[in-house]
Every structure is written in structure tokens, then in C-alpha cells.
Amino acid sequence: MRASELLTALTLPSQGQELRQIQISVAGSLRPCSRVDYQAEQLILVADSSRPPLSMTKLVTLLMTHRRYQLFYSDGKHTAAVYGFKEEKNNLIL
């Protein structure tokens, strides 16, 4: 999935309510996206429960700046490609 696709989902939520946070499903539990790393045409959304969640404004700005990059997520140990997401209440879950 490219950053532009996630950007579209954040700016035009299908349930009609503003999304407040991106969460990453790691081993059956949800962790907030706390930072974004980028390297070699890749944006890596990092789930780190010891840090505060990344603000949606900052995330949207990063996605707009790097809209052609491929999306990945990381829990600190493993990194994997993002293939989809789902909306649940005011959260977007990867």
C-alpha cells in the first residue's frame, strides 16, 4: 500500500466521523502509532507503547510529503508491509 492510499482514508473516512488515531495490531493487541521512520522510498509506522501517539496533523503532513512511498509497520522487532486497514470507531487499525 502506498502512503497516498492511507492519506485518502484519513481525509475521507468512510464512516463519516473524524479519525483520531492510527493503531497497529501486534500479536493480537492494539498499539498506537508513535512515530514514522522513512528510508529508501519506504515509510515505516512504528508502534511503541512507551511513547505518546503521533498526532494526526503530523501524520497527514508526512503522508502528503511522501505520498509515493510504500507503507510498512514495525513493532520494534519485526517490520512488515501494510496491505490494508479497517476503521473502528474513531481509529484506523493496520
Side-chain angles (χ1 to χ4, degrees):
M1 171 183 272
R2 293 198 179 275
S4 61
E5 295 171 86
L6 184 58
L7 179 63
T8 300
L10 292 175
T11 55
L12 301 169
S14 66
Q15 296 181 0
Q17 53 190 343
E18 182 181 346
L19 296 170
R20 294 185 183 162
Q21 187 176 12
I22 288 191
Q23 295 185 326
I24 300 171
S25 179
V26 178
S29 65
L30 296 176
R31 295 184 189 167
C33 176
S34 57
R35 76 175 200 268
V36 177
D37 296 333
Y38 44 96
Q39 61 188 27
E41 301 286 319
Q42 298 176 349
L43 276 182
I44 304 168
L45 305 171
V46 181
D48 185 355
S49 55
S50 65
R51 297 180 62 167
L54 190 64
S55 74
M56 291 303 283
T57 305
K58 184 166 180 128
L59 182 60
V60 167
T61 302
L62 284 168
L63 292 172
M64 288 175 74
T65 306
H66 305 289
R67 67 177 57 222
R68 293 176 25 180
Y69 284 20
Q70 290 290 327
L71 287 177
F72 291 81
Y73 67 92
S74 174
D75 63 355
K77 298 176 186 174
H78 306 288
T79 301
V82 174
Y83 291 108
F85 55 84
K86 65 180 180 178
E87 288 183 38
E88 212 171 86
K89 298 184 182 175
N90 290 359
N91 298 319
L92 193 73
I93 300 171
L94 305 178

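This chain uses plain numbering: 1 for the first residue, then up along the sequence. Bear in mind the structure is a predicted one, so any value in this text is a computation, not a measurement.
Taken together through direct or relayed side-chain contacts under 4.5 Å among Ile, Leu, Val, Met, Phe, Trp and Tyr, Ile44 and Leu10 form parts of separate hydrophobic clusters. If you chain together hydrophobic residues whose side chains sit under 4.5 Å apart, Val46 and Leu94 never meet in one group.
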Could you walk me through whether Leu45 and Leu6 pass side chain to side chain contact (heavy atoms under 4.5 Å, CB included), step by step?
-> CA-CA 12 Å; Leu45 305 171; Leu6 184 58; 4.2 Å; yes
Could you walk me through whether Arg2 and Leu71 pass the side chain to side chain contact (heavy atoms under 4.5 Å, CB included) check?
-> CA-CA 6 Å; Arg2 293 198 179 275; Leu71 287 177; over 6 Å; no
Go through the steps for Ile24 and Leu30 under the test side chain to side chain contact (heavy atoms under 4.5 Å, CB included), then give the verdict.
-> CA-CA 6 Å; Ile24 300 171; Leu30 296 176; over 6 Å; no
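Atoms CD and CG, from Gln23 and Asn90 in turn, are 10.5 Å apart once rounded to the nearest 0.5 Å. Note that CD of Glu88 is 4.0 Å distant from CD1 of Ile93, once rounded to the nearest 0.5 Å. Atom CD of Glu5 and atom CD of Gln70 lie 8.0 Å apart (nearest 0.5 Å). Interatomic distance, Cys33 SG to Leu59 CG, rounded to the nearest 0.5 Å: 6.0 Å. Here the CE-OG1 distance, from Met56 to Thr11, works out to 10.0 Å after rounding to the nearest 0.5 Å. Rounded to the nearest 0.5 angstrom, Leu7 CG and Arg67 CZ are separated by 5.5 Å.
For the pair Leu92 and Gln21, the minimum side-chain heavy-atom distance is 4.5 Å or more.
Here the closest non-hydrogen pair linking Leu54 and Lys58 is CD1-CD, 3.7 Å. Across Ser34 and Pro52, no two heavy atoms sit closer than the pair CB-O, 3.5 Å.
Under the rule for a side chain to side chain donor-acceptor pair (under 3.5 Å), the partners of Ser50 that lie at least two apart in sequence or sit in another chain are Asp48. In this structure Arg35 satisfies the salt bridge (Lys or Arg N to Asp or Glu O under 4.0 Å) test together with Asp37, sequence neighbours excluded.
Within the structure, ring-ring contact (aromatic ring centres under 6.0 Å, His included) pairs that include any residue of residues 46-76 comprise Tyr38-His66, His66-Tyr69 (at least two apart or interchain).
In this structure, Ser29 contributes its side chain and Ser25 its backbone to no donor-acceptor pair below 3.5 Å.
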